[in-house]
S.K.: 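A single structure is presented below for examination.
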There are 2 protein chains.
Amino acid sequence: MLTIGTLGKKTGTKVQTIRYYEEIGLMPQPGRTAGGQRRYDETQLDRLSFVRHARQLGFSLDAIRELLDLSDDPNRPCHEADAIARRQLIQVEQRMARLEALQKELKRMVHECSGGKSSDCRVLEVLRDHSECLTEHEEIGA
Amino acid sequence: MLTIGTLGKKTGTKVQTIRYYEEIGLMPQPGRTAGGQRRYDETQLDRLSFVRHARQLGFSLDAIRELLDLSDDPNRPCHEADAIARRQLIQVEQRMARLEALQKELKRMVHECSGGKSSDCRVLEVLRDHSECLTEHEEIGA
DNA sequence: GATTGAACCTCTAGTTGCTGGAGGATGTAG
DNA sequence: CTACATCCTCCAGCAACTAGAGGTTCAATC
């Protein structure tokens, strides 16, 4: 029987986050002591590990919910999980492409900074005039 | 004299977002018509363009506030802006490194998926057991 | 059995950067 | 002068947590 704190330590999750996962239905309601404290077992530890690992891979909580549903029912076809992972991969690759463009732009800004007064600052100048950009970077929000 | 809608179109910003920037003090309070509608001039258009461009480059609103302060005072030293841009560059590079690791892991998951039932799914299996990961990916939140 | 102190409980509110909607006023073209 | 697109304010909500207040419980030590 694990306390919520122990579960948190084992999975690298804050206690509040575990309670939050319970609140939104990602984690089941655990058993309680007579005094009302949560007690967990190995099954729940596994589930939380799964959730955390998927989060580290960048899956949204919604995607994780789908993956958990799949995982709970061993007869459902594998390609559903595969599709979710593929979607995630595409997102990751898109984000990388965008970051690469930004990196280029930022490097250029920083390298051209002369070290004088802000009125001559290359960084500020580039920000002022979008037309100076070498690369496209339209979408906001990584 | 530009309406808020025109300003939005010219900068690719939603009307609510402009009002939000005003609320948090990123944009100045514009003039108003007798009836209370906002009217903008070229200066404000430039400022909003600056903000949006910086957002596209991934700067936080706080960082943009700093950059705007610098920009407003031409005598302040350039290296402050440079430092902000450098910080941003480092963040971008860190994010890219993380995404690369995730991409690797996801590719591996997806390629090994056999197409059978979810009980044999490689994707779910990897998520279940972190020890199968080839790369490190600890932090959550891109 | 009593006491201590860490860890637990619920509840509320805040974070970032917006976005959407309700319900109503205004501005402009025909 | 009448449409009706656009504007106004205010409130609520999104993801995915995080932090804190104010109070209780558990387990170990004496």
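Naming convention: chains lettered A, B, ... in sequence-line order (proteins, then strands); numbering from 1 in each chain. As the structure is a computational prediction, the values presented were derived from the model and not from experiment.
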S.K.: Please test Tyr20(B) against Leu61(B) for side chain to side chain contact (heavy atoms under 4.5 Å, CB included), starting from the C-alpha separation and ending with a verdict.
M.R.: CA-CA 12 Å; Tyr20(B) 169 72; Leu61(B) 293 182; 4.0 Å; yes

S.K.: Could you tell me whether the phosphate oxygens of dC26(D), OP1 or OP2, come under 4.0 Å of any side-chain nitrogen or oxygen in Thr33(A)?
M.R.: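 Yes, because at least one side-chain N or O of Thr33(A) sits under 4.0 Å from OP1 or OP2 of dC26(D).
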
S.K.: Any chance you could measure Arg76(A), atom CZ, to Asp73(A), atom CG, to the nearest 0.5 Å?
M.R.: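 One finds 6.0 Å between CZ of Arg76(A) and CG of Asp73(A).
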
S.K.: For the side chain of Thr11(A) and the backbone of Leu7(A), is there at least one donor-acceptor N/O pair under 3.5 Å apart?
M.R.: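 Yes, Thr11(A) side chain to Leu7(A) backbone: donor-acceptor pair under 3.5 Å.
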
S.K.: Start with the C-alpha distance between Arg65(B) and Asp69(B), add both sets of side-chain angles, then the distance that settles salt bridge (Lys or Arg N to Asp or Glu O under 4.0 Å), and finish with yes or no.
M.R.: CA-CA 6 Å; Arg65(B) 217 186 293 271; Asp69(B) 285 350; over 6 Å; no

S.K.: Between Arg108(A) and Glu105(A), is the closest basic N to carboxylate O distance under 4.0 Å?
M.R.: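 A salt bridge is present here (some side-chain N lies under 4.0 Å from a carboxylate O).
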
S.K.: Please report the distance, rounded to the nearest Å, between CD in Glu22(B) and C1' in dG17(C).
M.R.: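 Distance, rounded to whole Å: 17 Å.
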
S.K.: Among dT18(D), dC26(D), dC7(D), find the nucleotide with the atom closest to the side chain of Thr17(A).
M.R.: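 So the side chain of Thr17(A) is nearest to dT18(D).
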
S.K.: Applying side chain to side chain contact (heavy atoms under 4.5 Å, CB included), run through Asp41(A) and Leu2(A) and close with a yes or a no.
M.R.: CA-CA 6 Å; Asp41(A) 57 22; Leu2(A) 308 162; over 6 Å; no

S.K.: When you measure from the side chain of Tyr20(B), which nucleotide among dC18(C), dC9(C), dC7(D) comes out closest?
M.R.: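 Taking heavy atoms from C-beta onward, the closest nucleotide is dC18(C).
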
S.K.: Yes or no on side chain to side chain contact (heavy atoms under 4.5 Å, CB included) for Leu127(B) and Leu57(A), after CA distance, side-chain angles and deciding distance?
M.R.: CA-CA 9 Å; Leu127(B) 286 173; Leu57(A) 287 168; 3.7 Å; yes

S.K.: To the nearest Å, how far apart are Lys9(A) NZ and dC8(C) C1'?
M.R.: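 The distance from NZ of Lys9(A) to C1' of dC8(C) comes to 12 Å, rounded to the nearest Å.
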
S.K.: Please check this pair: side chain of Ser49(A) against backbone of Leu45(A), looking for a donor-acceptor N/O pair closer than 3.5 Å.
M.R.: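 Answer holds: yes.
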
S.K.: Can you list the steps and then say if Gln88(A) with Arg86(A) is a side-chain hydrogen bond (donor to acceptor under 3.5 Å, both in side chains)?
M.R.: CA-CA 5 Å; Gln88(A) 181 59 22; Arg86(A) 267 176 215 281; over 6 Å; no

S.K.: Taking CD from Gln16(B) and P from dC10(D), how many angstroms apart are they, rounded to a whole number?
M.R.: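 Result: 15 Å.
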
S.K.: Contacts to DNA chain D from residues 57-71 of chain B, heavy-atom cutoff under 4.0 Å, which residues?
M.R.: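 Those residues whose heavy atoms fall under 4.0 Å from DNA chain D, taken from residues 57-71 of chain B, amount to none.
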
S.K.: Whole Å only: how far is the CD1 atom of Ile18(A) from the P atom of dT18(D)?
M.R.: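 The answer, rounded to whole Å, is 11 Å.
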
S.K.: May I have the distance from Arg19(A) (atom CZ) to dC9(C) (atom C1'), rounded to whole angstrom?
M.R.: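 Whole-Å distance recorded here is 7 Å.
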
S.K.: Taking OP1 and OP2 of dT25(D), is either one under 4.0 Å from a side-chain nitrogen or oxygen of Arg32(A)?
M.R.: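 For dT25(D), OP1/OP2 do not have a side-chain N/O of Arg32(A) under 4.0 Å.
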
S.K.: Check the distance between dC26(D)'s P and Ile4(A)'s CD1 and give it to me in whole angstrom.
M.R.: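 Atom CD1 in Ile4(A) sits about 14 Å away from atom P in dC26(D).
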
S.K.: Would you please confirm or rule out a distance under 4.0 Å between OP1 or OP2 of dC17(D) and any side-chain N or O of Arg52(A)?
M.R.: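 Answer yes for this pair, as a side-chain N or O of Arg52(A) is under 4.0 Å from OP1 or OP2.
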
S.K.: Closer than 4.0 Å, any side-chain N/O of Tyr21(B) to the OP1 or OP2 of dC18(C)?
M.R.: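 Checking dC18(C) against Tyr21(B), a side-chain N or O does come within under 4.0 Å of OP1 or OP2.
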
S.K.: Roughly how far apart are Gln103(A) CD and Met96(B) CE, rounded to 0.5 Å?
M.R.: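 Gln103(A) CD to Met96(B) CE: 4.5 Å, rounded to 0.5 Å.
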
S.K.: On DNA chain D, does the nearest nucleotide to Gly36(A) precede the nearest nucleotide to Lys14(A) from the 5' side, or the other way round? Give the residue.
M.R.: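 Closer to the 5' end of DNA chain D: Lys14(A).
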
S.K.: Report the C-alpha separation of Tyr40(B) and Thr3(B) in whole Å, then their side-chain angles, then the decisive distance to 0.1 Å, and conclude whether the side chain to side chain contact (heavy atoms under 4.5 Å, CB included) test is met.
M.R.: CA-CA 6 Å; Tyr40(B) 297 90; Thr3(B) 66; over 6 Å; no

S.K.: Does Arg47(A) come within less than 4.0 Å of Asp72(A), counting only side-chain N to carboxylate O?
M.R.: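 Salt bridge: yes.
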
S.K.: Whole angstroms only, please: what is the CD1-P distance between Ile24(B) and dG14(C)?
M.R.: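 That distance rounds to 16 Å.
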
S.K.: When the distance from CG of Leu7(A) to C1' of dC9(C) is rounded to whole Å, what number comes out?
M.R.: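 The distance from CG of Leu7(A) to C1' of dC9(C) comes to 16 Å, rounded to the nearest Å.
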
S.K.: Strictly below 4.0 Å, heavy-atom distances to any atom of DNA chain C: list the hits from residues 37-47 of chain B, or just say none.
M.R.: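 Residues of residues 37-47 of chain B under 4.0 Å from DNA chain C: Gln37(B).
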
S.K.: The helix from dG1(C)-dC30(D) to dG30(C)-dC1(D): angle between its terminal axes, five pairs each, to 10°?
M.R.: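 Inter-axis angle at the ends, rounded: 10°.
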
